[in-house]
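This report concerns only the one structure given below.
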Amino acid sequence: MNLDTLNPEQRKAVEHTQGPVLILAGAGSGKTKVLTSRIAYLMEDKGVHPSNILAITFTNKAANEMRERVEKNIDSDTKDMWISTFHSCCVRILRKDINKIGYNRSFVIYDAADQVTLVKDCLKELNLSDKVFEPKVVISIISGAKDKLQSPKEFKQRNAGDNRLTKVADIYTLYQDRLKRNSALDFDDLILKTVELFRTNPDVLDYYRGRFKYIMVDEYQDTSKAQYELVKALAKGHQNICVVGDDDQSIYGWRGADIRNILEFERDYDDVFVIKLEQNYRSTQVILDAANTVIANNIERKRKKLWSDKKDGESIKIELAESEVYEADFIADTIWRLHKRDGRPFNDFAILYRANAQARPVEDAFNRAQIPYNIYGGTKFYERKEIKDLVAYLRVIQNPQDDISIKRIINVPKRSIGLRTIEKIEDRANLKQESIYSVLLDIDTNSDISTKAKGNINDFIDIVGTLRTIKEAYPVSKLVEKVLDLTGYMDELVEIRDKNKEDAITKSEEAQDRIDNLMEFISIAVEFENSTDENIEEKNLETFLTTVALTSDTSEEEQEDRVSLMTIHTSKGLEFPVVFLTGMEEGLFPISRAIKSMSDSDLEEERRLCYVGITRAKQELFMSLTRRRTLYGKTNVSIASRFIEELPDECIEKMYSKKQELPYSKANYNLLDKYTKKYMGSMSKTDMANKVNATVKDSKKETDIDDIKLGSKVYHKKFGPGTVVSVMGSDLTIAFEQQGIKKINKEYTTLDLI
DNA sequence: TGTGAAATAATTTTT
DNA sequence: TTATTTCACA
């Protein structure tokens with residue numbers, strides 16, 4: 001293995017193969033290179049057998065890339081080496097032995113939508129309102145508990161004092177029960193159950209311990225407690241565990257990632273060898289200076305300072321636009337300018353934002369300016385209705401115990417099996433502690449269901465039965481075609497398409513769209529059959545469903561020359577010659593919830609996100625903000641993001657008129673803080689609006705205030721003196737000296753000009 | 001069972 | 001603004 005292309009630090013990280021190693025790899029410091037070289041080094045120089053190596057990543061993309069790069073480095077094949085995501089690694093382990101903890105080995109995997117359906121069912125059964133216990137919220141609480149390895153029982157004990165959480169614990173209990181009965185696991189279970197399996201079956205753990213003599217974990221800052229325990233269990237004994245991560249790039253705390261895992265690695269393992277990779281091969285020094293300065297404001301971090309030998313570089317440009325429309329135009333203009341002047345191709349550029357909603361005005365501007373773009377995020381392929389329907393059929397074929405999927409498709413396409421009938425069946429299933437499928441099988445013995453409904457159900461059962469019998473004989477792609485054919489799903493869509501060709505063109509197009517998606521799904525199945533994925537032993541329906549469940553992106557590498565639009569979160573791990581960081585405004589970035597919570601850790605996560613955004617840029621970085629922004633139909637006056645204020649002066653260049661000042665100041669923060677604390681506190685947005693309105697209404701009096709303009713100094717009976725900072729229709733936004741910023745409807749307001 | 005008006009809520013999302 | 005969900009009614 002040739003290690004000459006590595007810098008001294010990287011080289012140390014590769015050569016230190018024994019015992020725990022912590023690699024703190026800053027953005028763009030070549031961590032993938034280190035990781036792949038290390039694997040190659042282990043095999044070639046240390047004679048480690050590929051099967052003794054386990055490399056874990058978070059995304060399929062990272063796993064695939066890693067395997068590819070390892071294979072490029074060495075001659076021997078990597079078939080026996082596990083390079084996979086946490087989740088697929090766990091599935092593999094569970095498929096072998098999950099029966100030892102009472103689950104069916106051919107379990108299916110539930111996604112977020114299935115979770116919602118299941119929780120709704122649980123709520124119904126427990127007679128709880130889904131208004132009080134919002135399924136999404138309940139799921140995130142359950143998910144949080146699972147990330148921390150808390151069983152329903154434990155969760156209940158821990159929250160014994162809290163009525164609401166005690167109820168949630170009941171939901172959690174039932175939810176787990178139902179998952180098991182359906183032979184289903186959710187994403188969190190994949191990790192949790194693997195840990196459980198290891199804890200209760202030492203022989204299984206011993207097997208994997210013996211097998212994985214060298215363990216590597218990528219993006220360690222994103223691991224949850226459960227993942228941490230999993231890795232720890234496997235590494236116990238030999239302790240050859242090498243984790244790579246960057247605490248400054250931990251941006252998934254809200255998803256259960258526990259930054260302490262990386263911060264406290266040295267405490268959790270003995271004699272940890274720590275390496276910092278601080279040389280950055282991606283960005284100019286100016287960009288790194290900016291990133292370093294911003295992130296230095298965080299307290300909770302390991303000290304690290306990126307440097308580059310690409311000295312200097314273009315300064316960071318800051319643009320202050322009137323509104324989000326102008327902001328988008330600025331971006332479009334700048335891209336054209338650099339495209340023409342410097343000959344930059346469109347795929348040199350990325351537009352990054354905090355929230356997906358910000359993409360719209362940019363899209364509009366790009367369409368006007370004829371700039372080709374790709375937008376990332378939004379509705380995922382596998383989340384589309386027709387795909388979910390089809391997958392539900394496949395799941396039922398694979399695992400008829402899957403009630404959630406059965407219920408989804410029993411009347412799709414329409415078979416005149418009504419809600420009432422389904423309810424009756426469900427009751428019976430609950431009563432007999434059986435799956436819905438088994439109730440359906442002997443539906444004829446059920447007395448309170450009409451003969452007609454019975455006939456319809458038997459038709460359905462026949463279709464599923466037929467599909468189940470041909471399951472083994474057919475390759476998945478053919479099976480998929482058969483599903484679409486036998487169920488009449490495809491026919492229905494074709495009919496809708498052709499029937500509405502004349503008048504309801506949208507409907508026709510929509511149907512065609514769905515047909516296209518289904519065809520796409522078939523080609524995904526074909527691809528699956530032809531692929532040479534080392535992680536898949538057998539190409540059957542079960543492994544196909546697993547692959548589908550554990551994959552979210554279907555998009556192939558976009559070869560075309562287009563500008564990329566995405567959230568900062570999705571940009572992690574990517575790099576672009578020119579980056580636009582948009583919406584650099586208080587309340588948007590950092591997002592208001594992070595400010596509102598006033599919790600340092602939330603704010604620090606926002607700052608890390610900013611750090612991630614900045615470090616995506618290789619050569620040029622633009623940051624933009626607006627004076628007023630319309631988001632979700634509401635216009636607000638913007639205050640510059642504190643992250644802009646944190647940038648070092650010598651790195652930045654203001655694009656807007658020198659006379660203008662950025663709308664920020666410490667005083668403004670204080671106003672905003674007061675405002676958010678006092679009026680937003682624990683209240684929802686609606687509550688807050690009501691509160692302000694009510695207060696204003698109290699002082700209702702006829703006054704002509706047409707003279708009020710932007711900048712008017714006014715006096716309000718309750719709120720005291722203030723300045724009008726925006727006028728939109730009859731909505732006034734006023735910055736009160738004492739009370740902070742408020743939105744007031746002038747129809748109901750008493751104001752004096754001063 | 002389907003339609004359309006009305007109400008409502010709207011970070012981020014690797015699997 | 002907009003997408004989604006709910007609810008009333010045919």
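Keep in mind that what you see is a predicted model, and the values were worked out from it rather than measured. Note: hydrogens, waters and symmetry copies are ignored here, and every other heavy atom, side chains too, is used. A note on names: the letters A, B, ... follow the listed sequences, proteins ahead of strands, and every chain is numbered from 1.
Using C1' as the reference atom, B/dT12 and C/dT5 are 23 Å apart when rounded to the nearest Å. C/dA3 and B/dT14 have their C1' atoms separated by 25 Å, given to the nearest Å. Between C/dT6 and B/dT11, the distance separating the two C1' atoms is 25 Å to the nearest Å.
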Just the atom pairs and distances: protein N or O near nucleotides 1-4 of chain B's N or O, under 3.5 Å.
none

Show me the protein contacts with nucleotides 13-15 of chain B, counting only N or O atoms at under 3.5 Å.
residue: B/dT13; atom: OP1; partner: A/Thr567; partner atom: OG1; Å: 2.6
residue: B/dT13; atom: OP2; partner: A/Asn356; partner atom: ND2; Å: 3.4
residue: B/dT13; atom: O2; partner: A/Arg255; partner atom: NE; Å: 2.8
residue: B/dT14; atom: OP2; partner: A/Lys380; partner atom: NZ; Å: 2.4
residue: B/dT14; atom: O4; partner: A/Asp222; partner atom: OD2; Å: 3.3
residue: B/dT15; atom: OP1; partner: A/Asn60; partner atom: N; Å: 3.2
residue: B/dT15; atom: OP1; partner: A/Asn60; partner atom: ND2; Å: 3.1
residue: B/dT15; atom: OP2; partner: A/Ser552; partner atom: OG; Å: 2.5
residue: B/dT15; atom: O2; partner: A/His87; partner atom: NE2; Å: 3.4
residue: B/dT15; atom: N3; partner: A/Arg255; partner atom: NH2; Å: 2.8
residue: B/dT15; atom: O4; partner: A/Arg255; partner atom: NH2; Å: 3.2

*So what's the dot-bracket for DNA chain B: Watson-Crick or G-U pairs under 3.5 Å, [ ] if a pair crosses, | if it pairs off-strand?*
||||||||||.....
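Qualifying side-chain contact (heavy atoms from CB on, under 4.5 Å) partners for A/Arg368, counting only residues two or more places apart in sequence or in other chains: A/Val325, A/Asp329, A/Asp364, A/Ala365.
Here the side chains of A/Tyr382 and A/Asp111 are not in contact, with every heavy-atom distance at 4.5 Å or above.
Using a 4.0 Å heavy-atom distance criterion, A/Gln358 is classed as making no nucleic acid contact.
Between the side chain of A/Gln358 and the backbone N or O of A/Arg354, at least one donor-acceptor pair lies under 3.5 Å. With A/Arg607 contributing its side chain and A/Leu603 its backbone, the two residues share no donor-acceptor pair below 3.5 Å. Checked by atom type and distance alone, the side chain of A/Glu605 pairs as donor or acceptor with a backbone atom of A/Gly253 at under 3.5 Å. Not a single donor-acceptor pair under 3.5 Å links the side chain of A/Ser571 to the backbone N or O of A/Leu574. For the pair A/Thr615 (side chain) and A/Tyr611 (backbone), a donor-acceptor distance under 3.5 Å is present. The backbone N or O of A/Gly26 sits less than 3.5 Å from a side-chain atom of A/Ser29, completing a donor-acceptor pair.
Contact annotation: A/Tyr632 reaches the phosphate of B/dT11 (side-chain N/O to OP1 or OP2, under 4.0 Å).
With a glycosidic angle more than 90° from 0, C/dT4 adopts the anti conformation.
Crowding of A/Lys136 atom NZ: a count of heavy atoms from other residues, nucleotides or ligands under 6.0 Å not exceeding 12.
Between A/Phe544 and A/Phe521, the distance from one ring center to the other falls under 6.0 angstrom. Ring-centre distance between A/Tyr252 and A/His569: below the 6.0 Å cut-off.
The two atoms that bring A/Ala328 and A/Pro361 nearest to each other are CB-O, 3.4 Å, heavy atoms only.
Across the protein-nucleic acid pair, A/Lys136 atom NZ and B/dT12 atom P stand 12 Å apart, rounded to whole Å.
Reading DNA chain C from its 5' end, the first and the last nucleotide to sit under 4.0 Å from a heavy atom of chain A are C/dT1 to C/dA3.
Applying the salt bridge (Lys or Arg N to Asp or Glu O under 4.0 Å) test to pairs two or more places apart or on separate chains, those with a residue in residues 215-224 of chain A are A/Lys31-A/Asp218, A/Lys31-A/Glu219, A/Glu219-A/Lys572, A/Asp222-A/Lys572.
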